[in-house]
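Working notes, structure below.
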Amino acid sequence: MNTLQLVSGAIGTALYISIMSGGQKQYLSGASDPQAPAEIAKGLAAGINNAFWFGVIVVLVIGLFLRKGKSQEHEQASA
């Protein structure tokens with residue numbers, strides 16, 4: 001399980017960074033002066049915003065399909 005956690009964490013990090021970079025590039029493509037430090041900061045904030053909302057949607061979708069497992073106390077009481 002440990003290797004699976006490491007690999008999935010690396011894939012998740014790469015996915016969120018890709019979404020963030022794409023959002024920043026999209027913002028800067030429409031900016032009047034994409035080399036200005038203020039515009040770069042705004043682009044970074046736009047990219048982080050995109051990654052954040054993607055994460056919220058993923059958590060909500062995964063949360064809909066998770067079931068609560070039985071606790072050990074509940075299993076012992078029923079035995």
Side-chain angles (χ1 to χ4, degrees):
M1 186 71 174
N2 192 14
T3 303
L4 181 62
Q5 288 175 336
L6 291 173
V7 171
S8 62
I11 290 171
T13 301
L15 179 66
Y16 284 107
I17 294 298
S18 297
I19 292 170
M20 185 183 74
S21 297
Q24 183 178 14
K25 286 180 185 177
Q26 182 181 8
Y27 179 85
L28 290 176
S29 68
S32 59
D33 183 15
Q35 297 298 321
E39 289 296 320
I40 292 173
K42 289 179 184 177
L44 182 62
I48 291 171
N49 191 23
N50 289 350
F52 173 78
W53 283 112
F54 178 77
V56 167
I57 291 169
V58 167
V59 167
L60 288 176
V61 169
I62 290 174
L64 291 174
F65 294 106
L66 290 179
R67 291 186 290 165
K68 185 175 180 182
K70 293 182 180 178
S71 67
Q72 290 180 353
E73 294 173 0
H74 185 269
E75 289 178 7
Q76 290 174 354
S78 64

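Because the structure is predicted, anything quoted here is derived from the model rather than measured. Here, residue 1 is the first one in the sequence, and each next residue gets the next number.
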Got a sec, which pairs hit side-chain hydrogen bond (donor to acceptor under 3.5 Å, both in side chains) with one end in residues 51-62, sequence neighbours left out?
N49-W53
Donor-acceptor contacts, no H, no angles, side chain residues 6-13, under 3.5 Å, sequence neighbours left out:
residue : atom : partner : partner atom : Å
S8      : OG   : L4      : O            : 2.9
S8      : OG   : Q5      : O            : 3.1
T13     : OG1  : G9      : O            : 2.8

Listed by chain and number, what are the side-chain hydrogen bond (donor to acceptor under 3.5 Å, both in side chains) partners of Q26, not counting sequence neighbours?
none
Any residue meeting side-chain contact (heavy atoms from CB on, under 4.5 Å) with V59, in chain and number order, not counting sequence neighbours:
none
Donor-acceptor list for residues 31-47 side chains, cut-off 3.5 Å, not counting sequence neighbours:
residue : atom : partner : partner atom : Å
E39     : OE1  : Y27     : OH           : 3.4

Hydrophobic cluster partners of I62 (side-chain heavy atoms under 4.5 Å):
L15, Y16, I19, F54, V58, L66
